[in-house]
Amino acid sequence: MINVKGGYERVFAKINLDAALNNFNNIVSSIDDNTKVLAVLKTDAYGHGAVPIARLLENQPKLYGFALATAEEALILRNSGIIKPLLVLGYTFPSSYENLILKDVSFTVFREDMLEDLARVCRNLSSTEYQYKVKVHIKVDTGMGRIGITPSDDGIEFVRKVMEYPEIQIEGLFTHLAKADEKDRAYTEKQIKIFKDFANRIEEELGIKIPYKHISNSAGIIEYREANMDLVRAGIILYGLWPSNEVSKEKISLKPVLSLHSKIVYIKKIPPGTSISYGGTFISDKDMVIATVPVGYGEGYPRSLSNKAEVLIRGQRCKILGRICMDQLMVDVTGVEDVAESDTVTLIGQDGSEYISMEELGEISGRFNYEMACDFGKRIPRVFTQNNKILYTKDYYEDF
Ligand SMILES: *Cc1c(COP(=O)(O)O)cnc(C)c1O
């Protein structure tokens with residue numbers, strides 16, 4: 001276990017940057033030679049920390065750039081010195097247009113009013129000495145039912161309109177897969193075909209060549225080589241987590257990046273008939289030893305894991321007893337030899353030969369691994385390691 005600084009004993013997430021680089025390299029070896037990676041760093045890199053992950057990957061030759069969900073997420077990366085392309089995947093509200101154009105962030109477009117507004121902001125910023133350009137990726141809805149133009153005559157008309165603005169430069173065209181993580185392949189194969197046909201139609205009928213066409217998310221990268229095209233958008237697999245249980249885990253090797261650790265703050269013996277935590281949902285039926293761990297749903301550790309999940313202490317699985325509180329939880333350490341206050345508690349990660357994964361907790365909490373990772377909150381300091389040394393630490397203590 002790495003030694004963390006004072007203030008981080010209560011709880012911290014270790015972010016293993018070597019694991020993230022390993023995952024990136026394995027993604028690269030599983031895609032075509034002329035396909036590049038758009039690394040998806042939205043929601044602070046799925047709770048892992050967007051800036052350190054961006055710095056880790058920025059100089060990789062096969063890294064095209066980074067994708068974010070919001071204008072603010074893109075600006076955080078730019079303002080921290082990241083110079084590779086940045087793409088906002090969602091709708092961007094007009095109040096952010098000026099800032100993003102000035103910082104050379106690319107937009108996802110699919111609404112006509114965006115075009116006029118973007119072009120106008122761009123003209124206003126430009127002078128005879130310097131003409132700004134707006135870079136856009138056009139989103140196509142091929143079966144997600146979310147944002148995106150339809151792959152139809154209307155869609156062609158939209159692209160034609162985009163081309164009429166000298167201020168706007170079409171950098172990409174993309175779609176998103178709705179079921180690539182499921183066993184049944186028919187829906188995804190249809191989405192891929194619709195997208196490729198529509199892209200061909202645009203290029204032929206409108207006489208343009210779109211530089212970056214992209215389809216795949218993580219599940220698409222693992223399962224659909226034919227969807228590689230110019231870029232793939234790698235999200236969850238960068239962090240060593242699986243898009244679902246239905247993708248084939250033999251096709252790519254992944255190492256989980258995040259582990260979560262705390263310490264026992266109190267140990268006590270209890271007789272039979274003792275009620276544990278709010279509501280007394282656990283009552284002992286024998287003599288037991290219980291430990292209090294200072295982690296709760298205030299950290300984003302789901303309350304729905306109450307009476308269900310386990311943690312690791314001295315290499316052994318210990319069951320959570322009673323309801324998880326906002327700041328603390330109790331575990332059964334009855335069978336743990338030599339257990340002591342201040343012992344390390346691993347809530348996610350490896351201890352000895354035992355391992356607790358984000359997937360395991362996602363599943364038993366009735367959520368899933370993506371949501372678990374994103375919900376690890378401000379109260380968890382992040383410790384970034386490379387070669388088992390601490391490279392950066394980040395906490396949010398100043399915000400309080
Ligand atoms: C979040 C997102 C991704 C990444 O998805 P993963 O399953 O995490 O790889 C890719 N593309 C779009 C449009 C997204 O919103």
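Indexing begins at 1, ligand by ligand and atom by atom, following the structure's order.
Nearest to atom 7 (O) of ligand 1 by heavy atom, out of Phe174, Trp242, Tyr370, is Tyr370.
Ion pairing between a basic and an acidic side chain is recognised when a charged N comes within 4.0 Å of a carboxylate O; Lys308 and Glu360 show no such pairing. A salt bridge links Glu299 to Arg10: one of the charged nitrogens lies within less than 4.0 Å of a carboxylate oxygen. Salt-bridge formation is detected for the pair Glu223/Lys251: a Lys NZ or Arg NE/NH1/NH2 atom is positioned less than 4.0 Å from an Asp or Glu carboxylate oxygen.
Atom 9 (O) of ligand 1 has its closest protein heavy atom at Ser218 OG, 2.5 Å. Counting protein heavy atoms only, atom 13 (C) of ligand 1 is closest to His176 ND1, 3.6 Å. Looking only at protein heavy atoms, the nearest one to atom 10 (C) of ligand 1 is Arg233 NE, 3.4 Å.
Considering backbone and side-chain N/O atoms, Leu89 never comes within less than 3.5 Å of an N/O atom of ligand 1. Inclusion of Asn217 in the set of residues having an N or O under 3.5 Å from an N or O of ligand 1 is not warranted. Every N/O-N/O distance between Val40 and ligand 1 stays at or above 3.5 Å.
Atoms of ligand 1 lying under 4.0 Å from any heavy atom of Tyr46, numbered from 1 in the order shown and given with element: 1 (C), 4 (C), 5 (O), 6 (P), 8 (O). Atoms of ligand 1 lying under 4.0 Å from at least one heavy atom of Lys42, given by number and element, are 1 (C), 2 (C), 3 (C), 14 (C), 15 (O).
Checked against a 6.0 Å centroid threshold, the rings of Tyr212 and Phe174 do not count as neighbours.
Using a 4.0 Å cut-off between heavy atoms, Arg146 contacts ligand 1 through its side chain alone, with no backbone atom that close.
Cation-pi contact between Arg233 and Tyr64: absent, since separation from the ring centre below 6.0 Å together with deviation from the ring axis within 45° is not met.
The aromatic rings of Tyr46 and Tyr370 lie tilted to each other, with the angle between the two planes from 30° to 60°.
Of the possible donor and acceptor atoms, one in the side chain of Asn23 sits under 3.5 Å from a partner among the backbone N and O of Ala19.
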